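Some notes on the structure that comes next.
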Amino acid sequence: MKYLDEFSDPVLARRLLDQIHAATTRPWAMMEVCGGQTHSIIRHGIDQLLPDGIEMIHGPGCPVCVTPLEMIDRALAIAATPGVIFCSFGDMLRVPGSGRDLFTVKSAGADVRVVYSPLDALTIARDNPDREVVFFGIGFETTAPANAMTVYQARRLGVRNFSLLVSHVLVPPAIAAIMEAPNCRVQAFLAAGHVCSVMGTSLYPALAERYRVPIVVTGFEPLDILEGIRQTVVQLESGTHEVTNAYPRAVPPEGNVPARLMLEDVFEVTDRTWRGIGMIPASGWRLSARYRSFDAEERFAVGEIHTDESPLCRAGEVLQGHIKPHECSAFGKECTPRNPLGATMVSSEGACAAYYAYRRLDLVEVGA
């Protein structure tokens with residue numbers, strides 16, 4: 001198959017579904033790690049076509065959702081600093097901090113700009129040598145290489161008025177944290193294909209062995225998801241726990257070697273706090289010593305940050321798979337995409353946004 005629509009072929013989808021039904025003899029709970037996979041599952045109703053016993057648990061793989069509240073508040077404080085041009089991807093502008101968001105700061109007069117690449121922010125810095133330009137670098141192993149390349153270029157070109165506010169997180173430590181939680185129900189993982197396209201698959205066999213869970217690298221189109229589920233069910237039913245690749249057209253075992261070398265040069269591993277989850281040891285990146293002068297956290301003294309999460313928001317439980325979005329009492333009422341209480345409702349990869357967009361609340365009410 002060459003084109004994306006071929007990965008939605010209904011005949012092939014039906015064939016994979018039949019194989020999944022034939023292979024399933026008992027209930028299983030598996031987590032799709034990535035929010036993009038969650039949206040694909042909900043959008044295409046894949047979870048409703050599976051055998052009754054198979055539960056899809058939505059994972060924490062949404063970069064906007066897991067960016068900690070403290071970092072959002074720090075971004076707001078830096079953006080409001082006179083002389084700063086604060087650059088971000090558009091999906092961060094409506095993510096609520098403790099009391100406001102980047103749109104609010106922008107409407108109050110701050111110079112907040114949406115860019116489509118971190119290199120755009122570097123260009124803005126070169127065009128405005130009398131201003132400080134900060135780029136908000138968030139996300140998983142997928143977005144980190146471009147941000148690393150931008151800092152590398154800033155250093156190479158001698159652009160000193162550019163800095164990066166770093167909030168990068170890593171998937172494997174999050175999988176370990178999920179499995180070690182006392183109330184964990186996850187029995188297998190659909191690993192995020194785009195993360196593995198960068199990092200390869202070498203980090204996953206140790207996790208599969210330690211926690212005795214199948215890990216299947218999975219893409220994002222309907223047939224990708226179904227094939228990932230099929231391979232997972234086959235392993236669960238046979239009692240095996242291996243790493244398999246259901247997304248070989250995009251994921252070589254070694255990943256993207258130049259990107260990995262760039263990451264190793266610019267970043268170093270550090271502890272990171274995940275919004276709604278808490279601190280996970282060695283689960284993030286920060287700028288390495290060679291590039292520390294480009295760290296916006298060190299460049300801007302914004303004082304101590306006091307965070308204040310909405311008491312109604314249960315996004316953390318959604319991110320850990322403890323509840324489904326519609327099981328939060330604020331879902332679709334106090335919390336909507338227009339007035340989000342948490343990042344899972346405003347992010348394009350958030351599980352709450354997926355349930356709201358595809359009217360899963362209506363389906364629950366009809367079925368009640």
Side-chain angles (χ1 to χ4, degrees), residues 1-21 24 28-51 54-66 91 139-143 171 174-175 178 186 188-198 214-233 244-251 315 318-321 324-326 337 343-364:
M1 292 184 285
K2 299 179 181 178
Y3 307 105
L4 285 181
D5 56 353
E6 293 177 308
F7 290 92
S8 302
D9 186 301
V11 175
L12 295 179
R14 184 72 262 171
R15 188 177 303 165
L16 284 169
L17 277 167
D18 290 343
Q19 293 174 4
I20 292 169
H21 278 263
T24 304
W28 299 109
M30 63 185 74
M31 172 178 280
E32 82 276 5
V33 172
C34 177
Q37 293 170 332
T38 300
H39 273 254
S40 185
I41 289 168
I42 302 301
R43 177 185 179 188
H44 297 286
I46 290 173
D47 56 327
Q48 297 176 321
L49 299 172
L50 296 173
I54 293 185
E55 180 186 3
M56 301 304 300
I57 299 176
H58 313 312
C62 164
V64 173
C65 303
V66 299
D91 54 2
F140 294 88
E141 293 92 331
T142 47
T143 54
V171 169
I175 289 178
I178 289 167
V186 178
F189 289 93
L190 304 184
H194 49 12
V195 168
C196 296
S197 71
V198 175
I215 299 177
V216 178
V217 179
T218 306
F220 303 89
E221 297 302 318
L223 296 190
D224 294 325
I225 299 284
L226 289 170
E227 174 60 15
I229 294 171
R230 189 195 67 80
Q231 292 190 20
T232 303
V233 169
T244 59
N245 187 358
Y247 198 35
R249 71 180 186 280
V251 178
V318 173
L319 288 169
Q320 296 174 81
K324 294 289 193 295
H326 62 268
T344 50
M345 180 60 86
V346 70
S347 170
S348 61
E349 293 189 29
C352 297
Y355 273 61
Y356 193 93
Y358 302 114
R359 311 304 300 170
R360 281 302 173 89
L361 185 60
D362 291 348
L363 293 174
V364 170

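It should be emphasised that the depicted structure is a prediction, and the values quoted were computed from it without experimental measurement.
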Residues at least two apart in sequence or cross-chain that pass side chain to side chain contact (heavy atoms under 4.5 Å, CB included) with Ala315, listed by chain then number, are Cys313, Thr344
Kindly state each residue pair satisfying salt bridge (charged side-chain N to carboxylate O under 4.0 Å, His left out) with at least one member in residues 54-64, sequence neighbours excluded. Glu55-Arg185, Glu55-Lys324
Who pairs with Phe140 by ring pair (Phe, Tyr, Trp, His ring centres under 6.0 Å), at least two apart in sequence or on another chain? Trp274
To the nearest 0.5 angstrom, please state how far the CE atom of Met345 sits from the SG atom of Cys65. 10.5 Å
Should Val216 and Ile229 count as side-chain neighbours, where that means a heavy-atom distance under 4.5 Å? no
Report the relative orientation of the aromatic rings in Phe220 and His194; use parallel for angles under 30°, tilted for 30 to 60°, perpendicular for over 60°. tilted
Quick one: list whatever passes side chain to side chain contact (heavy atoms under 4.5 Å, CB included) with Pro248, sequence neighbours left out. Asn245
Partner set under side-chain hydrogen bond (donor to acceptor under 3.5 Å, both in side chains) for Glu349, not counting sequence neighbours: none
Would you indicate whether the side-chain heavy atoms of Leu17 and Leu50 approach each other to under 4.5 Å? yes
Nearest 0.5 Å, please: how far is CG in Leu16 from CZ in Arg230? 7.0 Å
Residues which pass side-chain hydrogen bond (donor to acceptor under 3.5 Å, both in side chains) with Thr38, listed by chain and number, not counting sequence neighbours: Glu32
Residues forming a side-chain hydrogen bond (donor to acceptor under 3.5 Å, both in side chains) with Asp224, sequence neighbours excluded: Arg249
I'd like to check the side chain to side chain contact (heavy atoms under 4.5 Å, CB included) partners of Ala353; sequence neighbours left out, ordered by chain and number. His39
In this structure, CD of Gln231 is separated from CD1 of Ile215 (nearest 0.5 Å) by 13.5 Å
Supply the atom-to-atom distance Leu226 CG to Ile46 CD1, rounded to the nearest 0.5 angstrom. 4.5 Å
Give the minimum heavy-atom separation between Gly219 and Gln37, together with the two atoms involved. O-NE2, 3.5 Å
Tightest non-hydrogen contact, residues Pro51 and Ile20, listed as CD-CG2, 3.8 Å
Rounded to the nearest 0.5 Å, the CG atom of Leu49 sits from the CD1 atom of Ile41 at a distance of 11.5 Å
Residue pair Ile54 / Thr24, side-chain heavy-atom distance below 4.5 Å: yes
Close side-chain approach of Leu223 and Ser8, heavy atoms under 4.5 Å: no
From CH2 (Trp28) to OG1 (Thr232), nearest 0.5 Å: 11.5 Å
Determine, stepwise, if the pair Cys352 / Val318 fulfils side chain to side chain contact (heavy atoms under 4.5 Å, CB included). CA-CA 8 Å; Cys352 297; Val318 173; 4.2 Å; yes
List in chain and number order the residues that pass salt bridge (charged side-chain N to carboxylate O under 4.0 Å, His left out) with Arg14, two or more places apart in sequence or in another chain; answer none if no residue qualifies. Asp18
Residues at least two apart in sequence or cross-chain that pass side-chain hydrogen bond (donor to acceptor under 3.5 Å, both in side chains) with Ser197, listed by chain then number, are none
Between Glu227 and Phe7, is a side chain to side chain contact (heavy atoms under 4.5 Å, CB included) present by the stated rule, with each step listed? CA-CA 11 Å; Glu227 174 60 15; Phe7 290 92; over 6 Å; no
I'd like to check Thr244 versus Val217 (side-chain heavy atoms, cut-off strictly below 4.5 Å). Are they in contact? no
Side chain proximity check, Pro337 to Tyr356, heavy atoms < 4.5 angstrom: yes
Taking C-beta and beyond as the side chain, do Ser347 and Asp91 meet within less than 4.5 Å on heavy atoms? no
Which residues share a side chain to side chain contact (heavy atoms under 4.5 Å, CB included) with Val186, sequence neighbours left out: Met31, Ile57, Ile178, Met179, Cys184, Phe189
Could you walk me through whether His44 and Tyr358 pass ring-ring contact (aromatic ring centres under 6.0 Å, His included), step by step? CA-CA 9 Å; His44 297 286; Tyr358 302 114; 8.4 Å; no
